[in-house]
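Residue numbers start at 1 and run along the sequence shown.
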Amino acid sequence: MQFRWAIPLVFALALFCGAEPVMKVERSGPKLTIEVSSDLTNWHAFTNIDLGEERQFFRALTSDRLPFNFINEIGNIRTVSWNESPYFSTAIESVQDGWGVLDAEGIRMYRAADGLAHEHPVLQGNYALSLINSYRATTNAEYLAKAELYGERLIETAIVSRGAWFYPYDFDFQIDPTPLPGDVIHKTWYSAMAEGTSIAVFAQLYELTGKTVYLNAASNTFQAFKLPASQTEPWASDADETGCLWLEEYAQDPQNHQFVLNGHVFAAWGLYEYWHMTGDPDALRLLQGAITTVKHWFPFFRTPGYVVKYSRKHANWAASYHPVIIQQMNSLYSLTGDLFFAHAVDDLLRDYPNPTIHAQGTLKGAINGVQFNEDGIITNSTAVLFPEPTIVDVLSRQTFPEQPGGWLKIGSGALSGFFVPELYTQAAMNCIFQETVFSPVRKITLRAGLPAFTFVKYFSDGTVDKTNTIYFGVNQPLEIDATATINSRLHARVASGEVAGYWIPITSRVVLD
């Protein structure tokens with residue numbers, strides 16, 4: 001959190017009423033002192049804050065309801081629409097489920113290493129949310145009815161421990177393909193991801209049906225996040241050595257945390273759903289703590305120029321999770337309006353483009369092609385001159401560890417089978433690549449002067465539909481609602497005004513917030 005004050009001041013800010021904590025903020029010279037109180041008599045100092053720091057983290061108070069401390073950045077939480085959640089998808093499920101392992105009631109099951117079919121609460125919860133997603137898109141009541149069957153199954157399989165509902169995994173599971181000691185988790189185990197996903201299912205079903213059974217189920221499940229870690233009882237939440245709150249995907253041994261990023265965020269989204277549904281202050285504080293953890297640890301999980309890491313325990317690259325983390329960071333931006341998460345999305349899109357997207361491309365001039373081995377080391381090279389723009393097939397757009405920039409894999413012509421360095425003036429992929437929508441809108445600033453700025457509307461293959469050229473005599477701020485790489489050049493889409501819906505390339509004169 002960044003503080004900006006124009007003049008020295010001393011003031012008290014009442015954040016809550018009644019017995020809830022009150023915060024007092026005092027300005028003294030270049031620093032701030034933060035204190036909190038539950039009774040307006042006894043005050044507890046948080047920290048002395050250097051105003052030169054860009055972001056600050058704060059420690060939450062222990063209360064009767066939360067028996068542990070954790071680092072907590074104070075920030076606003078927005079109400080978001082369904083299509084801003086990490087569960088949103090444009091894909092519509094088939095009414096007939098093609099999942100390979102179904103029980104007698106048509107519920108998805110998981111075939112574990114023992115060869116038997118088991119309940120899998122995250123598998124079942126995620127499918128319920130995809131059914132809800134399909135119902136929201138189509139209003140086909142069959143989807144909602146099936147989602148309720150999954151909600152009922154979660155309720156039926158829940159066990160009660162210390163007054164909270166937990167969803168058991170009754171099978172052994174090897175967490176990593178190359179396990180370290182403690183990485184085979186033995187039945188019965190539990191998961192904060194299952195807790196959060198189940199809350200999301202119940203909250204959505206309550207919103208859509210109004211049935212109090214789902215509100216009660218969500219409330220009982222939420223209690224799991226308020227319990228300390230235990231060697232003998234189910235649990236979901238714990239603080240790490242830095243004071244960050246982790247929602248543990250593999251919650252069995254408190255001495256053997258995995259700290260899985262994607263599971264933590266999905267669990268946190270369940271806290272948002274519960275807070276949004278009930279206004280519970282503990283859900284808000286836990287949610288803020290979980291979000292603070294993501295901000296604190298994101299630099300560890302990010303690999304500049306390549307894919308994200310899976311967990312702190314296993315800092316191995318996880319290409320299949322990279323698009324999931326992008327969507328999660330974008331959802332956290334929607335939830336908080338914090339540009340930290342928008343910038344995280346920008347970084348992740350640049351670090352590892354979706355390698356499954358293919359399109360035509362254009363090569364022009366002297367092009368060097370290379371081939372890589374599986375470690376990203378160049379094993380072969382060639383050079384080809386293209387005196388005129390030449391259309392080729394581009395099989396994928398990729399990045400490699402230790403190799404700068406992006407690479408296009410060519411699928412036709414003289415460089416077929418080779419990768420070429422991506423450069424929009426010489427080697428470009430002709431399409432609108434990974435359009436990413438942001439809500440709330442972001443801003444760009446156009447720096448005044450010549451040449452004038454050309455805004456473009458494109459067809460999906462990257463060809464120009466129409467243009468609009470405008471000169472600005474002073475710096476011009478504009479709202480944008482999306483970014484995309486178009487013809488191998490990063491663009492932003494204007495959200496309002498005369499050129500709403502037009503794209504503009506990001507250059508040294510177009511500054512993205």
Let's go through Tyr250 and Trp189 carefully: what are the C-alpha distance in whole Å and the side-chain angles of both, what is the deciding distance for ring pair (Phe, Tyr, Trp, His ring centres under 6.0 Å) to 0.1 Å, and is it a yes or a no?
CA-CA 7 Å; Tyr250 302 101; Trp189 52 280; 5.7 Å; yes
Does the cation-pi check pass for Lys457 over Tyr502, that is, NZ or CZ under 6.0 Å from the six-membered ring centre and within 45° of its axis?
yes
Quick check on [X]: does its [atom1] atom have over 12 non-hydrogen neighbours (other residues, nucleotides or ligands) under 6.0 Å away?
X	atom1	answer
Gln231	CD	yes
Asn76	CG	no
His358	NE2	no
Lys146	NZ	yes
Gln371	CD	yes
Lys187	NZ	no

Hey, is the main chain of [Y] close enough, under 3.5 Å, to the side chain of [X] for a donor-acceptor pair?
X	Y	answer
Arg108	His120	no
Thr463	Phe459	no
Ser496	Val494	no
Asp465	Tyr458	no
Tyr321	Leu261	no
Lys309	Phe300	yes
Thr303	Val307	yes
Trp99	Gly106	no
Asn475	Ala448	yes
Asp338	Phe341	no

Could you check whether [X] pairs with [Y] (Lys NZ or Arg NE/NH1/NH2 to Asp/Glu carboxylate O, under 4.0 Å)?
X	Y	result
Lys295	Glu73	yes
Arg397	Glu422	yes
Arg312	Glu241	yes
Asp393	Lys409	no

Would you say [Y] and [X] are linked by a side-chain donor-acceptor pair, where the criterion is simply a distance under 3.5 Å?
X	Y	answer
Trp246	Asp238	no
Lys313	Asn256	yes
Glu248	Gln258	no
Thr469	Thr454	yes
Asp114	His118	yes
Glu249	Ser191	no
Ser89	Asn133	no
Ser81	Glu84	yes
Ser94	Gln96	no

Minimal non-hydrogen separation, [X] against [Y], with atom names:
X	Y	value
Ile470	Ala452	O-CB, 3.4 Å
Pro323	Ala319	CD-O, 3.5 Å
Ala428	Ser488	CA-OG, 3.3 Å
Ser439	Arg78	O-NH1, 4.1 Å
His491	Arg489	ND1-O, 2.7 Å
Gln124	Tyr150	O-CD2, 3.5 Å

Intermediate values then yes/no, ring pair (Phe, Tyr, Trp, His ring centres under 6.0 Å), Phe455 and Trp503
CA-CA 6 Å; Phe455 301 84; Trp503 297 89; over 10 Å; no
Validation row, ring centre [X] to ring centre [Y] under 6.0 Å:
X	Y	value
Trp317	Tyr306	yes
Tyr471	Phe453	no
His276	Tyr272	yes
Phe372	Trp407	yes

Output, in order, the C-alpha distance, side-chain angles, deciding distance and verdict of side-chain hydrogen bond (donor to acceptor under 3.5 Å, both in side chains) for Thr362 and Asn430.
CA-CA 7 Å; Thr362 301; Asn430 303 335; 2.9 Å; yes
Phe266 and Tyr87: CA distance, side-chain angles, deciding distance, ring pair (Phe, Tyr, Trp, His ring centres under 6.0 Å) verdict:
CA-CA 9 Å; Phe266 280 125; Tyr87 299 111; 5.5 Å; yes
Checking Met429 against Asn487 for the side chain to side chain contact (heavy atoms under 4.5 Å, CB included) test, could you report, in this order, the C-alpha distance in whole Å, the side-chain angles of both residues, the deciding distance, and whether it holds?
CA-CA 5 Å; Met429 192 172 182; Asn487 301 335; over 6 Å; no
Using the rule given for salt bridge (Lys or Arg N to Asp or Glu O under 4.0 Å), can you reason through Asp513 versus Lys443, listing the C-alpha separation, both sets of side-chain angles and the distance that settles it, and then say yes or no?
CA-CA 6 Å; Asp513 65 7; Lys443 292 182 180 179; over 6 Å; no
Side chain to side chain contact (heavy atoms under 4.5 Å, CB included) between Leu271 and Leu247, worked out:
CA-CA 10 Å; Leu271 295 174; Leu247 312 178; 3.9 Å; yes
Quick one, Val511 and Ile444 - any side-chain contact, counting heavy atoms below 4.5 Å?
no
Mind checking whether Phe298 and Phe340 have parallel, tilted or perpendicular rings, split at 30° and 60°?
perpendicular
Only one of Phe88, Trp82, Tyr143 clears side chain to side chain contact (heavy atoms under 4.5 Å, CB included) with Arg136; which?
Trp82
Picking from Phe166, Tyr167, Phe171, what satisfies side chain to side chain contact (heavy atoms under 4.5 Å, CB included) with Tyr169?
Phe171
In sequence, state the C-alpha distance, the side-chain angles, and the governing distance for Tyr110 and Phe173, and then conclude on side chain to side chain contact (heavy atoms under 4.5 Å, CB included).
CA-CA 12 Å; Tyr110 175 76; Phe173 185 72; 3.7 Å; yes
Step by step, would you call Glu119 with Asp170 a side chain to side chain contact (heavy atoms under 4.5 Å, CB included)?
CA-CA 8 Å; Glu119 307 283 353; Asp170 194 25; over 6 Å; no
Does the pair Arg493 and Asp481 meet the rule for a salt bridge (Lys or Arg N to Asp or Glu O under 4.0 Å), with working shown?
CA-CA 6 Å; Arg493 187 175 66 197; Asp481 62 3; 2.9 Å; yes
